[in-house]
There are 2 protein chains.
Amino acid sequence: MKENPFPHFAAPRSHSAKRTSILEAAARVFCQEGFGGANIDLIAAEAGVSRQTVYNHHGDKDNLFLAVVKDITDRMNAGLFATLATFPDHPKDLEAELVAFAIRLNQNCICNRDGKFLRKLIQTEGERYPELFATWRDEGPLKTWSALAARFARLAHTGLLEVEDPDLAARQFLALINADLQVALLLGETPTEAEMETSARNAVRTFLRAYRPRVEAAKPASATA
Amino acid sequence: MKENPFPHFAAPRSHSAKRTSILEAAARVFCQEGFGGANIDLIAAEAGVSRQTVYNHHGDKDNLFLAVVKDITDRMNAGLFATLATFPDHPKDLEAELVAFAIRLNQNCICNRDGKFLRKLIQTEGERYPELFATWRDEGPLKTWSALAARFARLAHTGLLEVEDPDLAARQFLALINADLQVALLLGETPTEAEMETSARNAVRTFLRAYRPRVEAAKPASATA
DNA sequence: GACGAATTAGACAAGCGTGTCTAATTTTCT
DNA sequence: AGAAAATTAGACACGCTTGTCTAATTCGTC
């Protein structure tokens, strides 16, 4: 059925690949049906695996669900911080680079498959597993906000922005980024690239109108950087 | 078990009151468990009604679910437009009145029980009943945006704001209002009044910094009004 | 008080989903 | 090739849920 081109090197068919496959299928099904409506036979079928194998890998349904959430939150947080690392610390053109950053954030974190899944799982099962998602919140959004706030504070320090409360600025930046996408996201739709770009452009324009220094032009960093 | 103080006047015990009671209980259970996990026995018990009565009023589970969604969306939209009607069209103190309006919006529409239920139901079952929630979107958010946009356009016309795209301003206003509450809402928590007030204040300050006329002071209304 | 309609508790069949077990097969390692 | 481990299909028991049905009871009305 399948020839492995690296028979010596690659064990990755049976065990770990199946594990991944199960987690992905489970994520899909849990998201579409909710925990109560999810069906292990269906998960096994979508993963191309027998039901027993699902039980072998993750004891029972609860355990499988926990594994799915952990898997997604880990990937989500990794993507989040990877994208945060691309924040324009020394911008030549602040507006354009913030727009590009906002687009990356939307594409790689908020609007992608993991983002959609996580949002839905949290909304659906958040009250059933409070501590589970409390962990996620502390490790994900809270740290994201601090990290983003620190970047804005630094930009403020160089005079490019005028920010009293960097944490607030970070939250509002993220809120504005999604202002145009909220309903689509709520309904589970995935915005087009054009929509994400427009949304980012609108958000950054308003953000900068609110947070750019008001009177005298302070533009020291763009040349030195 | 229960004495009716107006035995002549009030028939409203058997039929219509039970109907309401069932819808409320069903809303609670559908929200907590999702459609798949919801249990009609539990709904009947929470409504203080026998299972058969549930089936008498709404044929089957699907029908009951549709009735619940219709009930909530109707109430939600009514509350939304009632609150929109309190928009400060002729403000003495624009910032303070916008803050008060934002608080009303959050308290009466976004953070209340119906708002929470609707958000969760849409997220949970939106893909199962696309046309159902498409109707909601067209009747609710879309009309809300237009209405709010029209108000902002009017304020811009009087010179109190400087708005190029009123629809965008409306979307961003709503996004900013929830910037500080997003995670709590996602997790199904209900923010305290103090949190809602702070969130509203922060939102309006930033909104006005972005949308208040920039250079020459156009402040005709505050004195004349 | 009596009638009719609604409600109730409970039993019931049918179907589905979980989780276990077994025996046969495939895959991986030596 | 041969041993050990993982995977598979299928059967199975068990419990839960939906939706129907019936007989008894309550409620509102006349």
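A, B, ... follow the sequence lines: proteins, then strands. Residue 1 opens every chain.
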Exercise. A:Asn39 or A:Gly59: which one's nearest nucleotide on DNA chain C is closer to the 5' end?
Worked result: A:Asn39

For this session: Measure the distance from CD on B:Glu33 to P on D:dC16 and round it to the nearest whole Å.
Result: 15 Å

Seminar exercise, completed: Separation of D:dC16 atom C1' from A:Lys61 atom NZ, nearest Å, is 12 Å

Exercise. What's the closest nucleotide to the A:Gln52 side chain, out of D:dT18, D:dT8, C:dT18?
Worked result: D:dT8

Seminar exercise, completed: Side-chain atoms of A:Lys18 come closest, of D:dT8, C:dT7, C:dG19, to D:dT8

Exercise. Taking OP1 and OP2 of D:dT8, is either one under 4.0 Å from a side-chain nitrogen or oxygen of A:Thr53?
Worked result: yes

For this session: Can you figure out which of D:dT8, D:dT18, C:dT8 approaches the side chain of A:Asn56 most closely?
Result: D:dT8

Exercise. Taking atom C1' of D:dG10 as reference, at what distance in whole Å does atom CG of A:Asp41 sit?
Worked result: 12 Å

Problem set entry | Ring centre gap for A:Phe173 and A:Tyr211 strictly below 6.0 Å | no

Show every donor-acceptor pair shorter than 3.5 Å between a side-chain atom in residues 140-149 of chain A and any protein atom, with sequence neighbours excluded, or say none if there are none.
residue  : atom : partner  : partner atom : Å
A:Lys143 : NZ   : A:Glu139 : OE1          : 3.0
A:Thr144 : OG1  : A:Gly140 : O            : 2.8
A:Ser146 : OG   : A:Leu142 : O            : 2.9

Exercise. Is B:Arg171 salt-bridged to B:Asp167, cutoff N-O under 4.0 Å?
Worked result: no

For this session: Look at all strands and tell whether B:Ala44 reaches a base, only sugar-phosphate, or nothing, counting heavy atoms closer than 4.0 Å.
Result: nothing

For this session: Would you please confirm or rule out a distance under 4.0 Å between OP1 or OP2 of C:dA6 and any side-chain N or O of B:His57?
Result: no

Exercise. Within a strict 4.5 Å, meaning less than it, do heavy atoms of the B:Arg75 and B:Arg113 side chains meet?
Worked result: yes

For this session: From the options C:dT20, D:dT20, D:dG19, select the nucleotide whose nearest atom is closest to the side chain of B:Ile40.
Result: D:dG19

Exercise. Which one, D:dG19, C:dT8, C:dT20, comes nearest to the side chain of B:Asp60?
Worked result: D:dG19

Exercise. In whole angstrom, what separates A:Tyr55's OH from D:dT8's C1'?
Worked result: 15 Å

For this session: With the side chain counted from C-beta on, respond yes when B:Leu132 and B:Thr73 share a heavy-atom pair under 4.5 Å apart, and no when they do not.
Result: no

Exercise. In whole angstrom, what separates A:Asn63's CG from C:dT18's C1'?
Worked result: 14 Å

Exercise. To the nearest Å, how far apart are B:His58 NE2 and D:dG19 C1'?
Worked result: 16 Å

Exercise. Of the candidate nucleotides C:dA9, C:dG19, C:dA11, which contains the atom at the shortest distance from the side chain of B:Arg51?
Worked result: C:dA11

